[in-house]
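Okay, so here's the structure we're looking at.
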2 protein chains.
Amino acid sequence: MVSIEQVLRDHQIRPTAIRLLMYRFLKDSQVALSLNDIESGFDQSERTTLYRTIKTFERKGLVHQVDDGTGVAKYALDKPANGKQSTQDLHLHFHCTNCNETTCLTEHKIPHISLPTGFIPEDMNLLIKGVCDKCSGQ
Amino acid sequence: MVSIEQVLRDHQIRPTAIRLLMYRFLKDSQVALSLNDIESGFDQSERTTLYRTIKTFERKGLVHQVDDGTGVAKYALDKPANGKQSTQDLHLHFHCTNCNETTCLTEHKIPHISLPTGFIPEDMNLLIKGVCDKCSGQ
DNA sequence: TAAAAACATGCAATCTGAGTGCATTATTGA
DNA sequence: TCAATAATGCACTCAGATTGCATGTTTTTA
Ligand SMILES: [Mn+2]
Ligand SMILES: [Mn+2]
Ligand SMILES: [Zn+2]
Ligand SMILES: [Zn+2]
């Protein structure tokens with residue numbers, strides 16, 4: 001079990017106060033967070049700094065951006081690459097139209113897709129919209 | 001073979017000059033178009049009118065909005081529902097990171113996806129990013 | 001360890017696309 | 001023809017994303 005400080009260092013990120021706080025904040029969240037969500041979670045906070053922090057996390061491979069179709073970027077911590085570095089595990093994302101929360105379904109991978117000749121895939125995003133488990137009451 | 005005027009009327013849309021022009025413009029395009037793309041395609045044009053026109057088309061079921069992850073909304077004509085009204089044919093979308101064009105792969109449907117208990121799907125979007133046929137030169 | 005270099009943070013400001021309010025003009029249809 | 005209804009133009013607003021620059025910190029290097 002590694003300290004957050006160490007996790008950051010392992011990703012070439014200097015563990016400053018805000019970074020540690022934001023990491024913990026992201027880690028404690030079950031859903032993907034927008035910059036506004038993050039900002040609301042801090043008392044004193046400069047949104048530019050938060051913005052640059054999340055972008056640093058993204059660039060260094062700590063978080064991934066989630067596009068849930070709302071037009072607002074959200075972010076979620078990458079699953080700690082267990083053992084080997086899976087380039088990127090293309091899991092699906094669920095956006096609840098009721099509570100507006102967006103969840104990473106990390107266990108549900110995107111099935112293989114065949115494309116017309118000439119189209120070379122490099123990345124993909126499968127977004128499901130509907131009602132989440134909390135809202136459906138099931 | 002129906003006139004564009006008739007198509008619009010069939011969708012409860014008054015066939016004004018701009019609407020006819022925009023319909024033709026969308027029809028002639030092989031790729032999904034942003035509002036800017038559309039605006040550039042017209043000499044005299046008021047972007048608000050174009051905006052409201054495309055939104056009217058969308059509301060009336062003539063076009064669908066395409067979310068290609070760039071943060072800019074694009075639009076494409078719906079395939080003329082051949083015969084029966086398929087509520088919505090969830091085809092996939094391809095966004096070329098080279099030429100920035102977004103294509104509807106209307107023949108490629110989104111495969112069936114299973115979700116965790118409690119998650120009720122209502123809509124979905126499968127976006128593939130990569131290099132398109134024109135850019136890959138294959 | 002002191003100065004330089006590299007990086008982080010704050011704050012102001014810009015940019016872009018989306019969307020609305022309202023006055024004006026064009027259509028429709030009684 | 002007149003009133004009702006819809007379409008269009010133009011001016012604005014708004015939110016989120018992103019950058020420029022000055023200042024504060026940390027890390028390196030000599
Ligand atoms: Mn995710
Ligand atoms: Mn499409
Ligand atoms: Zn929900
Ligand atoms: Zn291309």
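Every value quoted in this text rests on a predicted model; they were computed, and no experiment measured them. Numbers restart at 1 for each chain; the letters A, B, ... are given by sequence-line order, proteins then strands.
In summary, contact between chain A and DNA chain C, defined as any nucleotide atom under 4.0 Å from a heavy atom of the protein, begins and ends at dC7(C) to dA12(C) in the 5' to 3' direction.
The backbone N or O of Cys104(A) sits nowhere less than 3.5 Å from a side-chain atom of His93(A) that would complete a donor-acceptor pair. Judged by distance alone, the side chain of Ser136(A) and the main-chain N or O of Gly118(B) form a donor-acceptor pair under 3.5 Å. A donor-acceptor pair is defined here as one N or O able to donate and one able to accept, closer than 3.5 Å; no such pair exists between the side chain of Thr102(A) and the backbone of His95(A).
Taking atom CD1 on Ile13(A) and atom P on dT26(D), their separation rounds to 17 Å, with Å as the unit. For the pair Gln12(B) CD and dT5(D) P, the computed distance is 18 Å after rounding to whole Å. In this structure, Leu8(B) atom CG and dA6(D) atom C1' are separated by 15 Å, rounded to whole Å. As a whole-Å value, the separation of Lys55(B) NZ from dA7(D) P is 17 Å. Going from atom CD of Glu39(B) over to atom P of dT8(D) covers 15 Å, rounded to whole Å.
Closest non-hydrogen pair, Leu50(A) versus Ser45(A), comes out as CD1-CB, 3.7 Å. Annotation for Ala32(B) and Asp37(B): closest pair O-OD2, 4.2 Å, computed over non-hydrogen atoms. Across Asp133(B) and Thr117(A), no two heavy atoms sit closer than the pair CB-O, 3.8 Å.
Listed in residue order, the members of residues 15-25 of chain A having a heavy atom less than 4.0 Å from DNA chain C are Thr16(A), Ile18(A), Arg19(A).
Defined by atom type and a distance below 3.5 Å, a donor-acceptor pair is present between the side-chain atoms of His91(B) and His64(B). Using modelled atom types, one finds a donor on one side chain and an acceptor on the other under 3.5 Å when comparing Thr70(B) with Asp68(B).
Under a 4.0 Å N-O distance rule, the pair Glu39(B)/Arg47(B) qualifies as a salt bridge.
Follow the hydrophobic side-chain contacts under 4.5 Å out from Val63(B) and you reach Tyr23(B) in the same cluster.
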Exercise. Using a cut-off of 4.0 Å between protein heavy atoms and nucleotide atoms, how would you tag nucleotides 10-17 of chain D 5' to 3' with B, S and -?
Worked result: BB----SS
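Heavy-atom neighbours of Lys109(B) NZ from other residues, nucleotides or ligands within 6.0 Å: above the threshold of 12.
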